[in-house]
Amino acid sequence: MITNKIEKEIEIVLNELEMPLEGVAVTISNRKDLCDYQFDGVFKLAKLYHKNPMEIGSQIVEKLKNNQDYQKVEILPPGFINFTLSDSCINNELNNMLQNEKYNIKMPAKETIVIDYGGPNIAKPLHVGHLRSAIVGEAIKRMLKYMGHNVISDVHLGDYGLQIGQVIYGLQQENISLQDITLEDLERIYPQMSKLCKEDENVKTICATITKDLQDGNEEYQTYFKVIKELSQSDIKRIYDYLDVSFDLWNGESDAYPYITKVTEELEAKHLLKDSEGAKIVEVSKDSDSKEIPPLIYQKSNGAYLYGTTDLGTIKQRSIDYQPDRILYVTDRRQALHFESVFRVCNLLGYKEKFEHLGFGTVNGPDGKPFKTRAGNTPKLEELFEETKQTFLNSSEKNQGMNESDLDILVNAIIKFADLQNNREKDYIFDIKKFSQTTGKTGPYILYTYLRVNKILTQENKQSETLNKIIYNKEDRDLRLKIIELESALKYAVDTRLPSLLANYLYELCVNINAFYEKNHINNLDDVNKKENWLILLALSNNIIKDMLDLLSIKIPERM
Ligand code: ARG
């Protein structure tokens with residue numbers, strides 16, 4: 001990575017100058033008109049060694065300016081050091097990317113990581129929030145795998161909550177026998193019963209009792225549960241298949257139950273379970289808390305377990321089955337407090353795993369309110385896919401000639417890139433029309449760029465995989481510089497679990513490719529050397545697009 005290389009060179013110089021500094025950090029320049037990379041640690045040095053920043057900066061520059069890696073190193077007031085890379089440095093870096101596996105990216109120490117995302121609730125319709133968890137989670141999973149980690153993905157179905165009791169009660173009320181239950185029944189009954197429970201305390205108690213009896217192993221309810229789960233799960237699978245989202249484990253809350261006794265024993269051994277009005281709770285607040293963290297409710301007074309309990313049981317299960325170093329959860333950020341208290345209980349129990357809750361914001365419509373379809377409903381995901389497809393078809397006549405499988409790929413690309421380009425922690429506005437365009441920061445734009453370059457690559461033949469030392473013009477140089485930023489972009493995205501950093505890199509890369517393409521006409525070039533070099537460069541760019549799109553789980557259509 002270029003930043004590391006420059007950092008090492010600065011460290012050596014600082015040692016020679018007898019002004020060592022910890023954490024020398026070089027960043028990619030945000031003023032590309034001035035330089036490629038920059039170092040602003042001079043101010044720290046000035047404080048540390050009581051000297052004038054410009055003076056220190058000049059000393060550093062003096063020692064670096066004959067270095068072959070730089071075309072220019074300069075100090076700008078009040079004390080920024082700017083680096084402009086030499087052509088040979090850029091091309092060496094590119095050749096390393098070409099000749100080594102995975103673009104010569106340095107891989108971190110390998111960890112075993114469980115990632116919990118998707119999290120749909122059976123018998124309830126999947127909504128846009130679950131879509132976001134699936135898209136963001138899938139991208140994080142693929143990025144971690146790419147970096148060499150041993151990653152285990154779990155969909156963690158919500159399959160043992162009150163909704164099951166409600167649906168069983170509804171089915172019984174309607175006298176629908178087991179073998180006749182359909183998905184439509186579930187879709188109809190759940191909203192009815194959920195409404196009824198809000199209106200009628202009695203019904204709510206009955207449904208809660210059914211749920212509790214089910215959890216305790218009641219045979220009749222267990223048979224219902226199996227049928228409901230199977231129907232619902234196959235529907236959920238169909239949607240995830242469409243989205244190219246897949247899981248190693250299809251476990252759910254119900255699978256955690258056998259492990260809850262173990263957790264209870266551990267909590268009791270450490271005297272962590274307290275009685276509170278008949279319920280059992282675990283206190284998790286700390287003196288240092290700036291806001292109040294409520295206790296985790298472990299067991300209700302009727303004996304039923306809750307969301308936190310099943311999460312603790314699941315952690316126990318994962319720890320026995322996989323001994324993970326780390327467990328990640330991708331859910332709506334409004335669950336932050338829930339996870340904070342679960343993680344605190346794990347700390348109290350002395351668990352060794354590292355835990356991370358990766359929260360995300362809300363998907364809003366163009367009106368800034370939670371996203372709705374044209375019909376004004378909270379959309380079923382299928383309706384959202386269909387609406388996206390129609391919008392894309394209508395956005396240009398050309399699109400209407402596309403085949404069905406390419407269209408599905410485009411729907412995926414539109415929805416996923418719309419989501420992934422946004423910092424996951426923030427809300428964003430899903431504007432189908434805008435995200436369906438082939439211009440701007442959209443999935444179709446990236447795909448279009450790839451296909452355009454791919455066309456040249458299939459028409460022309462290149463002989464080698466090594467670039468010479470020449471860079472031909474500004475657009476060429478800008479593209480090369482962007483390509484060598486890949487490692488920082490990907491690493492940063494992985495470390496912060498923010499796929500948006502990768503999505504935005506990909507967009508910037510495509511902007512550079514298109515600028516290069518507009519300026520440099522490869523097809524009719526007489527200069528064979530130049531042509532060869534540019535073909536190598538474009539092939540490298542397109543490989544990066546393809547691989548990084550795959551990390552975002554976006555496929556490439558045959559044609560568009
Ligand atoms: N089913 C939950 C929901 O719909 C999400 C589950 C997230 N995973 C977990 N281990 N709690 O909100």
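It should be emphasised that the depicted structure is a prediction, and the values quoted were computed from it without experimental measurement. Residue numbers start at 1 and run along the sequence shown. In listed order, ligands and their atoms are each counted from 1.
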### Message
Enumerate the ring pair (Phe, Tyr, Trp, His ring centres under 6.0 Å) contacts for residues 184-238, please, sequence neighbours excluded, ordered by first and then second residue.
### Response
Tyr160-Phe225

### Message
Using a 6.0 Å cut-off, check whether atom NZ of Lys229 has over 12 heavy atoms from anything other than its own residue.
### Response
yes

### Summary
Residue set satisfying ring pair (Phe, Tyr, Trp, His ring centres under 6.0 Å) with His130, at least two apart, ordered chain then number -> His127

#### Entry: For Ile432 against Thr388, the heavy-atom pair lying closest together
CG2-CA, 3.8 Å

## Note on the structure
The protein residues that pass the under-4.0 Å heavy-atom test against ligand 1 are Asp116, Gly119, Asn121, His130, His156, Tyr307, Asp311, Tyr329, Thr331, Gln335, Phe339

### Query
For the rings on Tyr305 and Tyr257, is their centre-to-centre separation under 6.0 Å?
yes

### Task
Check ring pair (Phe, Tyr, Trp, His ring centres under 6.0 Å) between Phe355 and all other residues, then give those that pass, not counting sequence neighbours.
Phe343

